[in-house]
Amino acid sequence: MSNLKRNIKILFGVFAVLFFSLIGYLTYFQLYERDKLITSSYSVYNRRLIEQEKKILRGSILDRNGIVLAKSVMEADGTQKRVYLDGPAFAQVIGYSRRIYQQGNAGIEKTYDRELLGMVGNDPMVLLRKLILAKGQIGDNVYLTIDKTLQDLAYREMEGRKGAVVAINPKTGEILAMVSTPSYDPNTLGENWEKIMRSPEHVVLNRATQGLYPPGSVFKIITTAAVLTHKPELYSQTFDCKGYVVVDGNKISDFGGIAHGKEDFQRAFYVSCNSFFIQVGLDLGSENLQKMAYAFGLNQRIPLETDTARNYFPAIEGRVALAETSIGQGKMLVTPLTMALATSAVANEGVIMKPYLMRYVVDPISGTVIEKSAPTQYLAPITKDVADTIKQLMMGVVNNPEGTGRAAQISGITVAGKTGTAENPHGEPHAWFVAFAPAEDPQVVVSVIVENGSEGGRVAAPIARDIIKAYLGK
Amino acid sequence: MEEYIKTGSKAMKNVFWIFIIAFALLFIHNKPKGFDMIYFILAFPILIYIVYYLHVRLFPLGEIQFVILTSFLTEMGLIMIYRVAPELLIKQIIWIGIGFALYFITSYFLKHYEILYNLKYGEYLYLLITFLLIASTLVFGKEIAGAKNWLTFDGIYVQPAEVAKVIYIIFLAKYLSSKKDVNSIGIIGVIAIAIAGIFALEKDLGMAFLFYVTTVLMVFVVTSNLLYTAIGFGALVVGGIISYFLFWHVRVRIEAWLNPWMDVPGKTYQIVQSLFAIAAGGFFGTGLGMGHPEYIPVVASDFIFSAICEEFGILGAIAIILVYFVIMYRGIKVALNAKDEFGSLVAVGLISMFSLQVFTIIGGVIKFIPLTGVTLPFVSYGGSSMVMSFVTLGMLNGIAVGEEQEDVQFKAQY
Amino acid sequence: MYYEIASQILKYFLIFLIYLFLYRAFKIIYMDIKGVRRERQLTSAKLSFFNGERTFNLFEVTTIGRSDECDIVIESPYVSAKHAIIRKKGRKFYIQDLNSTNGTFVNGKRIKGIAKIRNNDIITLGDMDLKFIL
């Protein structure tokens, strides 16, 4: 009988554990699974959201200065229509909502779905205010960090080309412009869904955050950072460039086979000498180089409110791979946003701020700010001294008579930059240019890639120049 | 003593106020159709007050908590049923009334539960009845919502398995209190597997699980033998794996649990809608009448817990689980204090079956374990389940009161 | 819309009520563990008037006095409102005088504080003689 009693008590313990595990799982579900579930693409099957959306006039999306980019209008039959006022320029950033096109969702429309539906902070007092102040229910407005003027300019510059432009404020991480071309008109997405989604040019892909490219010579910024951090003695090396270098029997040529002759580190950076940087890279060693690339986030997925592709940086194996990696060729692949952030480390005393697209979310009726992004640090790959040294080098790229980025010069503003010409298996090399200005007190970082655009200095640098000029008002 | 009764009365007052507020809100939201419904709704608080008063009078040392807690649970059920299927409300209130009546009747009967033990050839009779009840639906049954576990008499649907639960427990208690040798346990194992097999053929996985696991737990309680227990659960796993490959409906349930997204418009529709409802509720719920629990299929019976999650939030839902926890605790208490082994075993079997059922359905609808369709006792819509849940607690109360037999003079003085 | 606000506010109130209910359910468990109800459990002991007129069953804890609140009510002017209390501890019974005016006597001896009582002891409260039967 005493055994029986003991066993019954054990049974009580078992059931207690079962019941409390139910409570635990429910709590876990609400804390961690709930938001995923509500925002997941499967919520097409969640009729609640559809019902709610039908009653609520979807909020607008505006640029940083309050210019409307996307808004909803109520049709006579009670249905809503989404109007994109600056369609192609913002198509990939703003994206589309699944409740307008049943098939899917993307971009800001996806990420800030709940905000646009006014479902955040829906407590009784907010409801009360909405009741008193407005007849129907209106979703909240999302203000972006993007400047429409800059975005339009970037889009005009890129029209007819394939590629991407990213402009960010290096001090805060705010994205000022983000363009991907070729683009499409989201206003016609309803009718042309299949055509747009299956376009051979991948128009829905945001090349700025999802396009993966070899960085080419732009990577020399990181090679230099590794030298200054891990083997500063290499910085004072000189070298005689013959226009090519042979590594383990493989001949790697400079662009156009030009022999630069005798050069020090500065000159090699201005003229973007591959032979020099291969030598430096081999002396530096793969471990140091890889460590620095990781510090810059080249193996990570950059955190952002919209989808980003994971950068690809495989382990460097062998001297040939090390040689190729030192000059940004080889197997690594990065997004234009990543290179903009790498540049911002140089511009912002070694610190990379976390990039963001949403400035704040406002309840349009009461004017209360519901959500607000705050600048936060993302990475700190280099010290201020290293950043300053690289800044001097990048100023030389644009301002030295021999520099490859002279096309980016602006009178009255010191621009610092780096060109890249990324060899790739798909034809002509991709043209890269990253820059920031004014060098003394950087306000804007720009990263430009033109697919198969050939030389970065000739094709990409003028685009960056125009954007910087427009932003700084010169 | 005064304070004890007073606390109980206060709890009943809470139940009353929840009722008043909820139905006042719901009447605005969804105007009651006809006076019948209003009369029946008003009858509920009167019913539970009468039951409470009677219980205090008739069983001063009985399990008064059973009445308090079931009042709360049935009330939550009524609120949600009025939300999602008001046409079922009157029937549900009638079932609750019948349930309370049976609670008292079984309480009185089970005071003398030795009769059940002393009945000659009792175990054979109980086992025979169990099998007849379970198998009856296989022969005459009607298939509803995929499971063939209903009998119909002139439009009244009965789930014989609900009745079989109680009879089977009595059988187990009787059998195990006299026979504990290896052979006898082996026979019990064969019986349990046979029962689970019949349920599996009827596609009633929930019941198969409940009967089988309850058997294993009772064997453990009686024999303290961990080997039997391990074999029991091992066989459950093996059986699960075999039926995964053998039965399509088992495979669907397990796949839907592992990956609810594989076929949302089809096979996993129910569980996904349930999860959406729980997510919509958050911690405090959407507020009564503000959610859309009607989007969940079979919400009034199997998925009523999800509806509560949506409109009362998981705070309300956790409260429900805690109430079941208290009932479980009281049941275990009854088992511990029973005056003989048979009484103890009946109590343990009943409360195990009850608690397992609660765990199975709540765990199922929140996707903690694979979903099997059983009802949530006292809350779900359904006559058989409601009535038999009351009988279960009535039996426990009877056993509890039975142990106090010698104190009959109590009333004379108090 | 007004319904919405009412529902939104009342939902917090409902949750509050539900948890108040739960609190009480757990309080009852607590009281059970503390044995509040056990004090009401009858024992086999009895107290009977010496003349055999009436017999009372004793609880685990039994109060005796003139007041209605006592378990055993003795209507005599010589008995205090709350006169004495009898407790069962283990198998033995103890009587305690509750500072009554006329005192409590066991087998004719006035007790101070607590005294043990045995089968067939005569307990005198005021002018009333009672017999303790185990």
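In this text, all values refer to a predicted model and were calculated from it rather than measured experimentally.
- Between B:Val326 and C:Ile28, every side-chain heavy-atom pair lies at or beyond the 4.5 Å cut-off.
- Under the 3.5 Å distance criterion, the side-chain polar atoms of B:Gln65 are matched with a main-chain donor or acceptor of C:Ala25.
- For the atom pair B:Ile318 CD1 and C:Leu22 CG, the distance stands at 10.5 Å (nearest 0.5 Å).
- Judged as a ring pair (Phe, Tyr, Trp, His ring centres under 6.0 Å), not a single pair has a partner in residues 97-120 of chain C (not counting sequence neighbours).
- Interatomic distance, CH2 of B:Trp17 versus CZ of C:Phe16, reported as 13.5 Å (0.5 Å rounding).
- Contact check for B:Met76 versus C:Ile18: side-chain heavy atoms found under the 4.5 Å cut-off.
- Considering only heavy atoms from C-beta on, C:Phe26 comes within 4.5 Å of B:Phe325 through its side chain.
- Using a 4.5 Å cut-off between heavy atoms, B:Met12 makes no contact with chain C at all.
- Rounding to the nearest 0.5 Å gives a distance of 10.0 Å between CZ of B:Phe72 and CG of C:Leu17.
- In this structure, the side chains of B:Leu288 and C:Leu10 stay at 4.5 Å or more apart for every pair of heavy atoms.
- Within a 6.0 Å radius of OH in C:Tyr23, no more than 12 heavy atoms belonging to other residues, nucleotides or ligands are found.
- Side-chain contact check for C:Lys11 versus B:Thr286: every heavy-atom pair is 4.5 Å or farther apart.
- For residues 9-23 of chain B, there are no salt bridge (charged side-chain N to carboxylate O under 4.0 Å, His left out) pairs, not counting sequence neighbours.
- With values rounded to the nearest 0.5 angstrom, B:Leu69 atom CG is found 5.0 Å from C:Phe21 atom CZ.
- B:Phe104 CZ: more than 12 foreign heavy atoms inside a 6.0 Å radius.
- The two residues C:Leu20 and B:Asn14 have their closest heavy-atom pair at C-ND2, 3.5 Å.
- More than 12 non-hydrogen atoms from other residues, nucleotides or ligands lie less than 6.0 angstrom from CZ of C:Phe49.
- Most heavy-atom pairs under 4.5 Å with chain C: of the set B:Ile21, B:Val323, B:Ile320, this distinction falls to B:Ile21.
- At a 4.5 Å heavy-atom cutoff, the contact between C:Ile29 and chain B is made by backbone and side-chain atoms alike.
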